[in-house]
Structure formats: C-alpha cells, structure tokens
Peer 1: 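Below is one structure. I have some questions about it.
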Amino acid sequence: MIGQKNRFHGHNSLSYVYSKGRTLRGSGFAVKYANNPRRKTYRCAVVVSKKVSKSAVTRNRIRRRVYEIVRDVEDQLVGSPDIVVTVYAENIATIGFEELKKSFLQVMLQSEMLGKREGA
RNA sequence: UUAGGUUAUUGGCCGACUACCGUCUCGAUUACGAGAGGGAGGAAAGUCCGGGCAACAUACGGAAGGACAGUUGUUAACGACAACCAAAGGUAACUUUAGGGAAAGUGCCACAGAGACUAUACCGCCUGUUUUUGCAGGUAAGGGUGAAAAGAGCGAGGUAAGAGCUCGCAUUCUUUAUCGGUGACGAUAAUAGAAGGGUAAACCCUGUCCGUUGCAAGGAGAUGUGCAUUUAGAGUAUCCGGCUUAGUGCAUCGAUUAACCGCUUGAUCGUUGGAGCAAUUCAACGACUAGAUAGAUGGUCGGCAGUCACUACUGACUACAGAACCCGGCUUACAGAUAGCCUAGCAAC
RNA sequence: GGCCCCGUCGUCUAGCGGUUCAGGAUAUCUGGUUCUCAUCCAGAAGAUCGCGGGUUCGAAUCCCGCCGGGGUCA
C-alpha cells in the first residue's frame with residue numbers, strides 16, 4: 001500500500017490526467033500518466049471496474065498488488081508524475097507476482113518515467 | 001454397523017523481511033522522527049422487515065393507502081423467536097403451513113359434460129300412449145363428463161320403478177351441557193338439526209399496527225434591497241379540516257463537495273449463579289474489542305496441516321466472502337472439521 | 001450508503017388466471033413473380049415467458065425468495 005500523500009484526493013483531481021495524459025498498454029492493464037510540476041511527490045491510483053470481477057475481495061486484491069509494485073519502484077521515479085492504472089483482466093489477481101512485476105516495469109520503462117540513469 | 005433427523009461449535013497455524021490506517025507516550029513544532037499497543041465477518045452480502053439516533057416550526061383529527069392474521073408468551077420493537085393447538089407429509093425421530101371470515105354482500109368456476117348454481121334427464125330403469133321408431137311423465141340408486149355433480153356406508157322396509165322416503169347400527173358436521181386447560185382446543189354425553197361446493201396470495205368484511213424523510217440525516221447560513229401581503233402565499237409523500245408563520249427575485253459576504261463534530265461505551269461482550277419447558281430475563285464480577293473517506297486492515301518468501309492426482313519422488317489447490325452511523329431478526333452463499341441428543345433397519349451378546 | 005424501476009422468439013414489442021404450451025412487426029429460411037437483384041405475394045421455422053418455491057382444478061399473469069440489467073439522490 002502507498003501512503004496518504006501519494007494518493008489522489010478530492011472530487012475532480014483525476015480529470016487532468018484523463019484529459020492530458022498519455023496512455024500505454026500492457027497485458028491486462030493500461031497506464032495513463034502526466035507530469036505534474038506543481039507537486040513534489042508522485043500520485044498514483046488504480047482503477048478496477050466492477051466489470052472486471054463481481055467480487056469485492058478480488059478487486060481489492062488486484063488493487064493492492066499493483067500498489068505494492070508502484071511502492072517498490074517509487075525511488076526511481078523521475079519528477080512527480082500522476083499515474084492512473086486501469087485494469088481490464090481478472091487474471092491479475094492470480095498470476096505470479098514476479099511475472100506481473102516484470103510486465104508492469106516494461107511499460108514503465110517505455111514511458112520514460114523510470115530513470116535508471118539517476119540510480120546509476 | 002448402515003440409513004436418516006435435529007441442535008450447536010469451528011472455518012487454517014507458525015516464522016522472517018517490508019508497507020498502510022487510527023490510538024497513546026516522548027522528542028521536535030505546524031513538515032516530521034522514535035517507541036508501545038490495536039486493526040473485517042458468520043454471514044461484514046441482499047436491503048426483505050423492525051428499532052435506536054437526527055431533522056421536519058405540528059407527528060393533531062378524519063379519509064385514502066399499506067402491512068399483518070391459530071393461542072399463550074418473549075422483546076426496545078417486529079412481518080422475528082419460543083412453547084403449545086389444528087391440518088398435511090413421513091415406518092419413526094421429525095418436518096411444513098399468509099392457519100381470521102364463504103351463514104354480510106358482489107364477482108369468477110374455461111374446455112368437456114344432459115346439467116356448473118336457487119342447475120340438470122344423455123345412456124339406463126319404470127309408467128302411460130303408440131306402428132316395436134317415437135312422444136308425454138316419473139326417477140337420482142347404476143353408467144358417462146369434469147378439479148368439483150347436492151353429507152352418507154351396511155342391512156331391512158317401501159315402490160310401477162326408485163330415492164334418508166322411513167327404520168336399526170356405524171360415521172361426519174352444527175348446536176347445547178358437563179369436565180380438563182390461562183387459551184387455541186380436547187374428552188364425554190344429550191337431544192335438536194342436516195343446511196350443496198370451491199376461490200378472500202378475487203373485490204371485500206372484521207381486528208391490530210403504521211406521520212414523513214434518512215448520517216449524502218443533521219451541527220450550518222448572514223445582511224441589504226425590489227416585489228408580494230391574510231379571499232392569498234409558504235410549510236412534512238395524496239386529499240379535507242385544523243395548526244404554524246412569513247414568502248420570493250436580485251446583490252454583497254460566507255461556504256462551494258475540503259476539514260471538524262456526528263463516529264463508536266453499546267437494548268455491548270465474557271464467566272458464574274438464580275427464575276422459566278423454552279424464547280428470554282435478573283444479579284454479581286471482569287473486559288474495552290476497527291473507525292477508513294478514490295476508501296487502511298496488506299505484499300513476498302519459508303515451514304507445518306488438510307484435500308486431490310501419482311507406485312514413489314513430487315505437483316496443484318486452501319470454502320463463501322471485504323466494515324462505511326449503530327443494533328435485533330429474516331433470506332441467500334459456504335471446501336471441510338468437530339461435538340451432543342434422537343429414530344428406523346441389520347448383526348452379535 | 002439510501003431509494004426506485006425493468007426482465008416474453010435473433011431484435012422491438014402485445015398479452016382479462018382458462019378458448020391456442022403465447023399474438024404482431026422486423027430479421028432468417030423456402031417457393032413464386034423478374035433476364036437478374038430489390039420491391040411485392042404465399043408459406044415455414046423460431047419462446048422451458050430470467051430462475052426456484054407457493055396459492056389455485058388450472059399461473060407468462062397472483063404472492064414470496066433469489067439472479068441479472070438499468071436509473072436516481074451531494
């Protein structure tokens with residue numbers, strides 16, 4: 001789980017990302033992101049529709065797994081981006097953690113939000 | 001031992017690393033850091049009932065509308081629960097039941113059938129007439145139709161043929177009386193009676209209960225000015241009466257979905273004892289047990305346990321399901337594991 | 001979180017508890033008309049009335065419980 005300051009708050013706070021952000025697709029999910037220079041910290045949200053799974057338990061599990069991956073790489077983020085992950089497939093709740101992490105990081109590297117140069 | 005019935009409990013455990021949300025303490029001072037301790041359910045679900053709590057300037061009367069319906073109890077309350085009664089099902093343990101009224105009134109009972117509601121004579125039986133066909137009448141015992149056809153079995157009498165038409169015995173229902181029970185009701189007896197059904201989850205009648213809106217409730221708007229002003233307007237779902245008193249447009253300020261309170265000590269939970277067949281209740285002692293807000297309660301790894309597959313190694317899987325103001329029920333989902341009591345069959349003693 | 005509505009052929013819809021295991025339009029299929037296609041004409045097939053119980057002699061219809069879909073309230 002990620003901290004209180006790294007979540008979205010308020011009524012229309014997501015609309016900027018939805019209107020201005022760029023979209024990249026992975027298997028079973030899509031990442032929408034936009035750089036936000038007015039903030040010091042990044043923000044992240046995971047959207048899991050009720051169409052993905054009827055069960056609230058499954059939806060919670062998907063959300064928590066994706067948040068965990070984001071928290072793992074938060075030190076390597078460049079700037080202070082706003083990230084929205086939209087999930088389409090139910091099998092994200094069941095596939096192996098390493099496999100999910102690998103496919104997610106591949107998308108993140110493509111978006112140039114992850115700066116390996118800074119770490120190195 | 002096999003097949004059931006019923007009432008309950010439980011529904012993974014241990015460790016390591018690393019996150020999140022409250023609370024308390026300490027240090028800093030509005031950023032934050034350290035430590036301690038807490039963090040989903042039996043259904044948190046469906047939202048089908050009931051209540052608390054809050055607002056509505058009144059929860060005032062009537063109409064309309066809605067819900068319920070054996071009896072006695074339990075409860076804050078209920079459409080829930082318990083015990084009992086009746087009916088139906090089951091060999092039995094036991095289970096199920098919207099279980100008031102059809103003699104207040106109205107409606108409906110298709111098709112088939114002669115006739116379906118103050119009904120009816122198709123076949124049959126009998127009498128008369130007659131050309132033996134047929135026609136007129138009697139009959140409700142027998143046949144046939146249908147979900148349903150006028151309480152009714154056996155024997156005797158009776159008759160043109162028949163029929164509770166009459167009698168005897170047996171049965172069902174109504175009425176009355178006595179006894180038992182708080183009561184629904186049950187048992188016994190008597191003489192009086194025998195009246196044709198079904199449907200009220202059709203309209204309806206009787207009795208009891210219900211004000212409306214919901215935590216997105218509510219704490220929570222202020223001032224100035226124009227218009228309107230008791231025959232009118234506004235206010236709490238429909239109408240009437242009554243009641244209260246202002247209303248509405250514009251401008252300015254505040255607020256603009258943020259934050260705080262409401263928010264978790266409660267018809268609370270556990271143990272022991274008393275009352276009661278039970279639901280439940282009383283007393284004493286002890287406990288504090290989530291409070292988020294795009295929504296915390298997690299993620300990964302290792303070991304154990306269980307289930308399935310397999311000769312084995314080993315592999316796969318781990319029930320249903322996620323608090324949103326709080327309680328009491330109901331309904332629905334649920335891999336398995338455990339315990340008590342009871343019934344029937346078989347076997348042995 | 002609260003409140004409300006709707007499920008009938010592939011699609012859009014009618015449907016008094018019984019006259020008929022449900023009518024119509026459109027789509028589909030077959031045949032006819034035409035040199036051919038369309039239009040037009042004739043015919044056919046296609047529905048466990050969302051699911052499970054109950055009331056009734058009888059249920060798409062009445063009652064109850066589930067399932068699915070949709071709407072609304074700051």
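Naming convention: chains lettered A, B, ... in sequence-line order (proteins, then strands); numbering from 1 in each chain.
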Peer 1: With the 90 degree cut-off around zero defining syn, does B:U174 come out syn or anti?
Peer 2: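 It is anti.
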
Peer 1: What interatomic distance, in whole Å, is found between C1' of B:G22 and the corresponding atom of B:U289?
Peer 2: 14 Å

Peer 1: Would you mind calling B:A187 syn or anti? Take O4'-C1'-N9-C4 for purines or O4'-C1'-N1-C2 for pyrimidines, and syn is within 90° of 0.
Peer 2: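 Anti, since the glycosidic angle lies more than 90° from 0.
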
Peer 1: For B:C253, what is the paired nucleotide under Watson-Crick or G-U wobble rules, both distances under 3.5 Å?
Peer 2: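 The base-pairing partner of B:C253, which may sit in any strand shown, is B:G221.
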
Peer 1: So what's B:G298 paired with, Watson-Crick or G-U wobble, going by both distances under 3.5 Å?
Peer 2: B:U18

Peer 1: With rounding to the closest Å, how many angstrom separate the P atoms on B:U95 and B:U331?
Peer 2: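 To the nearest whole Å, 15 Å.
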
Peer 1: Syn or anti for B:G164? Use the chi torsion, O4'-C1'-N9-C4 for purines and O4'-C1'-N1-C2 for pyrimidines, with syn inside 90° of 0.
Peer 2: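 For B:G164, whose glycosidic angle is within 90° of 0, the conformation is syn.
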
Peer 1: Pairing check on B:U268: which nucleotide meets the Watson-Crick or G-U wobble criteria with it, both distances under 3.5 Å?
Peer 2: B:A287

Peer 1: Sugar-phosphate atoms are those with a prime plus P, OP1 and OP2; base atoms are the rest. Using that split, label each nucleotide of nucleotides 295-300 of chain B B, S or - for protein heavy atoms under 4.0 Å, 5' to 3'.
Peer 2: SSSBSS

Peer 1: Please enumerate all residues that pass side-chain hydrogen bond (donor to acceptor under 3.5 Å, both in side chains) together with A:R22, with sequence neighbours excluded.
Peer 2: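 By the side-chain hydrogen bond (donor to acceptor under 3.5 Å, both in side chains) rule, A:R22 matches A:Y33.
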
Peer 1: Using atom P of each nucleotide, how far apart are B:U293 and B:C326 to the nearest Å?
Peer 2: 16 Å

Peer 1: Taking the P atom of each, how far is B:A116 from B:C122, in whole Å?
Peer 2: 14 Å

Peer 1: Which nucleotide, if any, forms a Watson-Crick or G-U wobble pair with B:A258, using both distances under 3.5 Å?
Peer 2: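 In the structure as shown, B:A258 has no Watson-Crick or wobble partner.
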
Peer 1: Which whole number of Å gives the distance between the P atom of B:U257 and that of B:C48?
Peer 2: 33 Å

Peer 1: Could you go through the side chain to side chain contact (heavy atoms under 4.5 Å, CB included) check for A:L100 and A:I69 one step at a time?
Peer 2: CA-CA 9 Å; A:L100 175 64; A:I69 293 167; 3.8 Å; yes

Peer 1: Tell which nucleotide pairs with B:C167, taking only Watson-Crick or G-U wobble pairs whose two distances are both under 3.5 angstrom.
Peer 2: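 Check on B:C167: paired to B:G155, both distances under 3.5 Å.
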
Peer 1: Is the glycosidic torsion of B:U264 within 90° of 0, making it syn, or is it anti?
Peer 2: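 You should classify B:U264 as syn.
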
Peer 1: Listing request: all ring pair (Phe, Tyr, Trp, His ring centres under 6.0 Å) pairs with a residue in residues 51-105 of chain A, at least two apart in sequence or in separate chains.
Peer 2: A:F29-A:F104

Peer 1: Between C:G23 and B:G101, how far apart are the C1' atoms? Round to whole Å, please.
Peer 2: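 Roughly 41 Å separates the two C1' atoms.
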
Peer 1: With sequence neighbours excluded, what pairs up with A:N35 under the side-chain hydrogen bond (donor to acceptor under 3.5 Å, both in side chains) test?
Peer 2: none

Peer 1: List for me each residue that meets side-chain hydrogen bond (donor to acceptor under 3.5 Å, both in side chains) alongside A:R61, sequence neighbours excluded, and say none if there are none.
Peer 2: none

Peer 1: Where does B:U10 land, syn or anti, given syn is within 90° of 0?
Peer 2: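 With its glycosidic angle more than 90° from zero, B:U10 counts as anti.
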
Peer 1: Holding to salt bridge (charged side-chain N to carboxylate O under 4.0 Å, His left out), I want the full list of residues that pass it with A:R65, two or more places apart in sequence or in another chain.
Peer 2: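 Expected list: none.
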
Peer 1: Paired with B:U213: which nucleotide, if any, by Watson-Crick or G-U wobble criteria at under 3.5 Å for both distances?
Peer 2: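 B:A54 - that is the nucleotide pairing with B:U213, both distances being under 3.5 Å.
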
Peer 1: Using atom C1' in both nucleotides, what's the gap between B:A296 and B:U23 to the nearest angstrom?
Peer 2: 14 Å

Peer 1: Going through the distances and angles, do A:V46 and A:R63 end up as a side chain to side chain contact (heavy atoms under 4.5 Å, CB included)?
Peer 2: CA-CA 6 Å; A:V46 178; A:R63 203 163 45 76; 4.0 Å; yes

Peer 1: My understanding is that only residues two or more places apart in sequence, or in another chain, count here; which of them pass side chain to side chain contact (heavy atoms under 4.5 Å, CB included) with A:R59?
Peer 2: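 Partners of A:R59 under the side chain to side chain contact (heavy atoms under 4.5 Å, CB included) test: A:V48, A:K50, A:S53, A:A56.
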
Peer 1: About how many Å separate CD1 of A:I83 and NZ of A:K32, when rounded to the nearest 0.5 Å?
Peer 2: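 So the gap between those two atoms works out to 13.5 Å.
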
Peer 1: Just name whichever nucleotide pairs with B:G35, Watson-Crick or G-U, keeping both distances under 3.5 Å, else none.
Peer 2: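 Base-paired to B:C24.
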
Peer 1: Once you apply the 3.5 Å cut-off to both distances, tell me the Watson-Crick or G-U wobble partner of B:G247, or none.
Peer 2: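 In the structure as shown, B:G247 has B:C227 as its Watson-Crick or wobble partner.
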
Peer 1: Could you give me the CA-CA distance, side-chain angles and deciding distance for A:V84 and A:V31, then say whether side chain to side chain contact (heavy atoms under 4.5 Å, CB included) is met?
Peer 2: CA-CA 6 Å; A:V84 176; A:V31 179; over 6 Å; no

Peer 1: C1' atom, B:A67 versus B:A222: distance in rounded Å?
Peer 2: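 The answer is 47 Å between these two C1' atoms.
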
Peer 1: Let's test your reading of the pairing rules: Watson-Crick or G-U wobble, both distances under 3.5 Å, then write RNA chain C as a dot-bracket string with ( ), [ ], | and dots.
Peer 2: (((((((..((((....[....)))).(((((.......))))).....(((((..]....)))))))))))).

Peer 1: I need the full list of side chain to side chain donor-acceptor pair (under 3.5 Å) pairs touching residues 97-109 of chain A, with sequence neighbours left out, sorted by first then second residue.
Peer 2: A:D72-A:K101

